[in-house]
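Single-structure report; data block below.
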Amino acid sequence: MNRRQVLWAGGGIGAAALLAACGGGDESSSKSPSEKNEKPRKGGTLRVGALGRASAVTRDPHGTQTNESDYLIISLVHDTLTVPGARPNTAPRLAASWTPSDDLKTWRFTLAEGATFHDGTPVTAEDVVWSLKRLRNTPSGASRLPGIKPGNIKAEGTGTVVLVSDYPNAELPQLTRLTTFVLKKDTADKDLGKAPGTGPFKLDWFRSGNARLVRNEDWYGGDVLLDAIEVKIFESPQAMANALLAGQIDVASNVGAVAARTAERREDVQVVRRPNDMAMPIVMRTADGPFADPKVREALRLAVDREAMVKQVLSGYGTVGNDILGTGDPAYAKDIAQRTRDLARAKSLLDEAGFDLSRTYELLTTEDISGLAESATLFASQVREAGIKVKVVKQESATFWDRTWLKGDLYTTYWGTNDSVVFFASKTMVSDSGQNEAGWKNTAFDAAYRKAMGTKDTAERAKVLRELQRIEHDESGYLLWGMADGIDLAAAAVRGLPTLPGYGRVQLQSAWLAR
């Protein structure tokens, strides 16, 4: 599974993105001041700009979508079983409800009544089972549905899908938010681009990454207000922002802080911010090397001026981090004391650890997303005040992900999903994780994770998750200095854009036009 597949599995995007913006469902749509007394109206075509390259276009819902434009189109045409919510952070979609067994290994998902494909064919459990097995057999499927073997995905009658995990998993429904797009059983690969979906919009036409989608009048999920959505592909955030300012599109998605600063001075443009959208932590290898000593890692965390990082790198469009990934999770432990800069303590810890201050240490980074390389440069400047000499080395994207990611002693990384503590624990921190970025092995953390996944009571699980986060905060290889906001620009007439982080950024069924 390559890095871009990992990012998409979590809701992020690869090299073309500036800041991978995220959003949510109906309950989280944005409201402008003028909208408070407005009644949503039906009709109109929303023109949406999305990042991508024509050479990287894919039509496979279970493939690797490196284009934001492809992911947007696929997500509007094809439904997943669940979608992000506010509280809890998993809400129903094609699966109307779900129930676990007492041991939390077997989950039964009941399909929504009245769900049909765009050709009028009812959605059955067999369609879902076939789709999930197809997903599970892709190169990235094992990570998207961890612990679920293809043989343990079964239909129970026409309206129930049964998933059996190899181990207790209290958060299994959360995994079905990602890319569990449902196709008709036995859809041929050659027909993927025109296969009917179950989503709020139907494909009208598709050309070189651009598409027109029309309202699905029979969508089981509720009323869809827009007549159509037109998706236009852009290769750069700057070009997309310019198109918005010129009135050529209505929404510039994932456009970033630079464009937002300009747009905030214009009364005819809305800036839509999605808090906790992207994490850009610095990874310190714990398995071996110069940062294996916990005292050294703590020293680096204490040497960082987090407020300055957010202000300078993110232009203030973000929030300070506390070295715990999953800040948008309702279970995020806000009561763990915020780590702040303490250069005296940092120097003391380095002395206790016998850290070699005569050496210059390389911090490897890429320019995959806006602000990433800049964060590395500012970090290097800040830790120099504690006596640590760091040289920033920029690598080409392919080189970085092939040679540095999962292997480097000190490097930047980024994740476009930041609404789940469990997601990061399972993907990047338990000892046997396939994407253990820091090479971290901690028996207490592993035990806390297993206990949380096997705890059915929500309140009790929250306590265990807090302990898991405390261990991460104190001992992991992550230095999470801040989280970037996701940013869209929108014309003055646009209403109802999503605001939650995660896969929900592409949930536009509640959007409407006040004109």
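The existence of a salt bridge linking Arg466 and Asp335 is confirmed by a sub-4.0 Å separation between a basic side-chain nitrogen and an acidic carboxylate oxygen. A salt bridge links Arg306 with Asp323: at least one charged nitrogen is closer than 4.0 Å to a carboxylate oxygen. Comment: Lys184 engages Asp119 in a salt bridge, judged by a side-chain N to carboxylate O separation of less than 4.0 angstrom. Contact check on Arg215 versus Glu217 returns a salt bridge, with a Lys/Arg side-chain nitrogen under 4.0 Å from an Asp/Glu carboxylate oxygen. Salt bridge Arg47/Glu230: absent, no basic N to carboxylate O contact under 4.0 Å.
Using bins of under 30°, 30° to 60° and over 60° for the plane-to-plane angle, the ring pair Trp401/Tyr414 lands in the perpendicular bin.
Listed by chain and number, the residues in a salt bridge (Lys or Arg N to Asp or Glu O under 4.0 Å) with Asp223 amount to none (sequence neighbours excluded). Residues passing the salt bridge (Lys or Arg N to Asp or Glu O under 4.0 Å) test with Asp218, sequence neighbours excluded: none.
Remark: aromatic rings of Trp415 and Phe424 are close, center separation under 6.0 Å.
A side chain to side chain contact (heavy atoms under 4.5 Å, CB included) with Thr412 is found for exactly one of Val392, Val283, Leu372, Thr404, namely Leu372.
Residues Met429 and Leu325 are in side-chain contact: their nearest non-hydrogen atoms beyond the backbone lie under 4.5 Å apart. Within the 4.5 Å cutoff, no side-chain heavy atoms of Leu406 are placed close to those of Asn436.
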Assess whether salt bridge (Lys or Arg N to Asp or Glu O under 4.0 Å) is satisfied between Asp60 and Arg134, documenting all intermediate values.
CA-CA 11 Å; Asp60 187 348; Arg134 183 179 186 273; 2.9 Å; yes
Decide salt bridge (Lys or Arg N to Asp or Glu O under 4.0 Å) for Asp488 and Arg273; before the verdict, give the C-alpha distance in whole Å, the side-chain angles of both, and the deciding distance to 0.1 Å.
CA-CA 7 Å; Asp488 282 357; Arg273 299 172 63 166; over 6 Å; no
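Checked by atom type, the side-chain pair Asp368/Ser397 shows a donor-acceptor distance below 3.5 Å. Counted by atom type alone, Thr90 and Gln174 present zero donor-acceptor pairs between their side chains at under 3.5 Å.
Relative to the six-membered ring of Trp405, Arg403 misses at least one condition, a distance below 6.0 Å or an angle of at most 45° to the axis. Taking the ring axis of Tyr332 as reference, the NZ or CZ atom of Lys334 does not stay both within 45° of it and closer than 6.0 Å to the ring centre.
Judged by distance alone, the side chain of Thr82 and the main-chain N or O of Arg177 form a donor-acceptor pair under 3.5 Å. A distance-only check finds no donor-acceptor pair linking the side chain of Asp127 to the backbone of Val123 [under 3.5 Å]. Formation of a donor-acceptor pair under 3.5 Å by the Thr377 side chain with backbone atoms of Ala373 is found in this model.
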